[in-house]
> 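Below you will find the structure I want to go over with you.
Keep in mind the model is a prediction, meaning the values are calculated, not measured. All values below were derived from every heavy atom in this structure, side-chain atoms included, with hydrogens, water molecules and symmetry-related copies excluded.
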Amino acid sequence: MKAKATLKQIAKELGVSVSTVSKALNDSPEISEQTKVKIKEYAKLKNYKPNVIGLNLKNRKTKTIGVIIPNILNSFFAKVFSGIEKVADKKGYNVITCISNESLEKEVHTLEMLSNGTIDGFILSVSQEAQKLQDYNHFSEIINDGTPIVMFDRIADEVDCDKVVVDDFDSAINSTQHLIDLGCKNIALISSVDNISVGRLRTEGYLKALKDNNIPVNEKIILRTDSEEDMKAKIEGIFDHKIDGIFALDENDSVAALRVSLKKGYRVPEDISIIGFADGILASRRLSPSLTTVSQHGVEIGEVAAKRLIERLEEPEGTVSEYETIVIKTKLKERESTRKV
C-alpha cells in the first residue's frame with residue numbers, strides 16, 4: 001500500500017510553500033491555473049488525501065496563543081509573560097508557554113508541534129543558538145503556512161513579521177553617557193550576550209557614546225563573551241586595569257560586576273559606578289548596594305506583543321495589515337550603585 005503524501009512533502013518536492021500547495025488544492029483564485037494543475041496532478045500521483053480533522057482544526061480558531069521564551073530563569077522574560085497573559089485573559093485567549101532553553105532544535109520542534117492546529121499564533125523571543133547560526137527558516141515557514149508570529153526583544157531582521165523591541169542602541173548610549181556625566185573616564189563593558197542581537201546593539205551604543213565624547217576605546221576593559229560561564233571566568237581580569245565605571249549588558253553581568261568590584265576592594269559608588277541592563281528583583285532589592293539599571297518595561301512589552309498578535313488574528317478575512325516594529329522606550333532607574341553628580 002502506497003504511503004500518503006503530506007502537504008509539506010509535496011511543497012518540498014515541488015519547491016513551493018505549504019500555503020501554495022494548500023491553496024492550489026482548494027482552487028484558490030490566488031494561484032495560477034498552470035500551478036494548480038501541476039500541484040493537483042503531483043498530489044494525485046503521490047496519493048495525497050486531505051486530513052479532514054486537520055482541516056477543521058486549521059479553519060477553526062482555537063483562541064490559544066503559543067509563547068516561546070529562551071530562558072525561564074530570566075526575570076525579564078517572566079515579566080513579558082505576565083504582560084502577555086494579562087492581555088490574553090482579557091481578550092478571551094488561552095496561553096501555552098514553552099521554553100526553548102536557547103536551543104535551535106527545540107525551538108523548531110516547538111513551532112512545528114504547536115502550529116499543527118493547536119494555536120492561532122506565536123509570540124516569541126529568538127533562541128541564542130538560532131541567532132548565533134543565523135538560522136531563521138523555521139520562522140518563515142510557519143508564517144508562510146498562515147500562522148502569524150510576533151517577535152519580541154531578540155528578533156530576526158531577516159524575517160517579515162511584527163516585532164516589539166526596546167531601544168537597545170539608544171539606551172546604551174544614554175547609560176554610558178550618564179556614567180561619563182558622573183565623571184567616569186575609564187568605563188568597562190561587561191557582556192555575556194555578545195552573540196545575540198540585543199547584546200551587539202548595546203555594545204554599539206557604548207562605543208558610540210565613547211566616540212561622541214572623544215574617549216579612546218580601551219579593549220583591555222571590554223569583556224565580550226557568549227555565555228555567563230565565560231563571562232564569570234574572565235571578569236576579574238578587567239580589574240587588573242584602571243576603571244571607574246562599568247556598563248553591564250545583562251542582569252547576570254550586572255550582578256557579577258558588583259560582586260567582583262566589592263571583592264576587589266572597590267567602594268561602590270565612591271570608587272566605581274555601575275549601570276546594568278534589566279531590572280529584576282535581584283538587582284533592585286536583594287543586592288547591597290542596589291544596582292542602577294536600565295528598565296526594559298517587560299510587562300509593557302508583553303502587553304503590546306499580545307495586543308498586536310490578537311489584532312492580526314482578528315482582522316477581517318482578506319485583510320492583511322503591514323508588519324510593524326514597535327519600539328518601547330527604556331528608563332534608567334538610579335539606585336545606590338551610581339554616585340550622584
Side-chain angles (χ1 to χ4, degrees), residues 67-81 98-108 110-111 122-140 149-159 161-173 175-176 189-208 222-235 246-257 275-280 283 293-298 301-302 305 325-328 330:
V67 177
I68 306 176
I69 58 176
N71 183 349
I72 197 171
L73 299 176
N74 188 308
S75 61
F76 167 70
F77 291 125
K79 287 182 178 181
V80 173
F81 177 71
C98 296
I99 319 298
S100 69
N101 278 331
E102 306 290 10
S103 161
L104 171 60
E105 183 182 358
K106 192 163 185 184
E107 189 172 71
V108 171
T110 303
L111 280 166
F122 288 101
I123 298 172
L124 59 87
S125 189
V126 180
S127 69
Q128 196 171 97
E129 190 177 12
Q131 289 209 318
K132 187 174 183 178
L133 297 174
Q134 297 283 288
D135 188 342
Y136 307 126
N137 290 335
H138 48 302
F139 300 126
S140 298
I149 289 176
V150 175
M151 292 182 176
F152 71 90
D153 190 49
R154 303 184 202 167
I155 62 170
D157 290 330
E158 296 85 342
V159 179
C161 66
D162 295 304
K163 292 156 188 167
V164 183
V165 296
V166 297
D167 53 338
D168 287 289
F169 178 71
D170 289 339
S171 296
I173 292 175
S175 298
T176 308
L189 176 95
I190 297 173
S191 172
S192 64
V193 289
D194 199 52
N195 60 336
I196 59 177
S197 55
V198 293
R200 290 190 291 270
L201 284 167
R202 293 167 193 172
T203 298
E204 287 169 16
Y206 158 85
L207 294 171
K208 179 72 163 58
I222 295 177
L223 177 59
R224 301 173 68 173
T225 68
D226 292 349
S227 69
E228 186 183 346
E229 293 74 22
D230 197 17
M231 177 271 296
K232 285 182 176 178
K234 296 175 179 176
I235 188 172
I246 297 176
F247 180 41
L249 305 194
D250 180 80
E251 185 170 17
N252 292 323
D253 303 342
S254 312
V255 173
I275 294 177
F277 242 90
D279 192 32
T293 56
V294 179
S295 174
Q296 294 168 276
H297 304 298
I301 289 172
T325 296
I326 303 165
V327 180
I328 307 294
T330 57

> Is it true that a side-chain atom of T225 and a backbone atom of V193 form a donor plus acceptor pair closer than 3.5 Å?
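No, the answer is negative, given that no donor and acceptor are paired below the 3.5 Å cut-off.
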
> Any side-chain to backbone donor/acceptor pair from D253 onto G276? Under 3.5 Å, distance only.
no

> So, the side chain of T293 versus the backbone of S295: is there a donor-acceptor pair under 3.5 Å, distance only?
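Checked: no pair found.
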
> Rounded to the nearest 0.5 Å, what's the gap from CG on L124 to CE on M151? Could you check?
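Those atoms lie 5.5 Å apart.
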
> Can you name the one residue among I301, V198, T325, L201 that meets side-chain contact (heavy atoms from CB on, under 4.5 Å) with V165?
T325

> Locate the shortest heavy-atom distance separating D226 from D194; write the atom from each residue and the value.
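Heavy-atom minimum between the residues: OD1-CB, 3.8 Å.
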
> When you look at CG of L133, are more than 12 heavy atoms from neighbouring residues, nucleotides or ligands closer to it than 6.0 Å?
yes

> Does V166 reach the side chain of H297, with side-chain heavy atoms less than 4.5 Å apart?
no

> Taking I99's backbone N and O only, do any of them form a donor-acceptor pair with E107's side chain (distance below 3.5 Å, no angle check)?
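Between the backbone of I99 and the side chain of E107 there is no qualifying donor-acceptor contact (under 3.5 Å).
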
> Under the side chain to side chain contact (heavy atoms under 4.5 Å, CB included) rule, what do F122 and I68 come out as? Steps first, then yes or no, please.
CA-CA 8 Å; F122 288 101; I68 306 176; 4.1 Å; yes

> Could you report the tightest heavy-atom contact between A172 and G205, atom names first, then the distance?
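Taking every non-hydrogen atom into account, CB-CA, 3.8 Å.
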
> Do you know the tightest heavy-atom contact between I328 and V164?
CG1-CG1, 4.0 Å

> From E251 CD over to F76 CZ, what is the distance, rounded to the nearest 0.5 angstrom?
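Output value for this atom pair is 11.5 Å.
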
> Kindly compute the distance separating OG1 (T176) from CG (L189), expressed to the nearest 0.5 Å.
7.5 Å

> Can you find a heavy atom in the side chain of Y136 that is under 4.5 Å from one in the side chain of Q134?
yes

> Should I149 and F139 be marked as a side chain to side chain contact (heavy atoms under 4.5 Å, CB included) after you check the CA-CA gap, both sets of side-chain angles, and the distance that decides it?
CA-CA 8 Å; I149 289 176; F139 300 126; 4.1 Å; yes

> Measuring only between side-chain heavy atoms, which start at C-beta, is F277 closer than 4.5 Å to S171?
yes

> Work out which heavy atom in S125 is nearest to a heavy atom in F77; give both atom names and the distance.
OG-CE2, 3.7 Å

> Return the CZ to CD1 distance between F247 and I222, rounded to the nearest 0.5 Å.
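Those atoms lie 12.0 Å apart.
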
> Which of these, Q128, K106, E129, sits in a side-chain contact (heavy atoms from CB on, under 4.5 Å) with N101?
K106

> Test your reading of the model: is there a side-chain donor-acceptor pair from Q131 to the backbone of S197, 3.5 Å cut-off?
yes

> Measuring from D170:CG to T330:OG1, what's the distance to the nearest 0.5 Å?
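Going from the CG atom of D170 to the OG1 atom of T330 covers 8.0 Å.
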
> Cation-pi check for F169 against R202: NZ or CZ below 6.0 Å from the six-membered ring centre and within 45 degrees of the axis, yes or no?
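No.
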
> Using a 3.5 Å distance criterion without hydrogens, assess whether the side chain of K163 forms a donor-acceptor pair with backbone atoms of A156.
yes

> Roughly how far, to the nearest 0.5 Å, is CG of N252 from CG of N71?
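Going from the CG atom of N71 to the CG atom of N252 covers 8.5 Å.
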
> Walk me through whether R154 and E102 qualify under salt bridge (Lys or Arg N to Asp or Glu O under 4.0 Å).
CA-CA 11 Å; R154 303 184 202 167; E102 306 290 10; 2.8 Å; yes

> Does one side chain, of S100 or S127, offer a donor that lies under 3.5 Å from an acceptor on the other?
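No, because no side-chain N or O of S100 sits under 3.5 Å from a partner of the opposite role on S127.
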
> Starting from the C-alpha separation in whole Å, work towards a yes-or-no answer on salt bridge (Lys or Arg N to Asp or Glu O under 4.0 Å) for E204 and K208.
CA-CA 6 Å; E204 287 169 16; K208 179 72 163 58; over 6 Å; no

> Please report the closest heavy-atom contact between I69 and F152, naming both atoms and the distance.
CG2-CZ, 4.1 Å

> What are the two closest heavy atoms between S191 and L249, and how far apart are they?
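Heavy-atom minimum between the residues: CB-CD1, 3.5 Å.
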
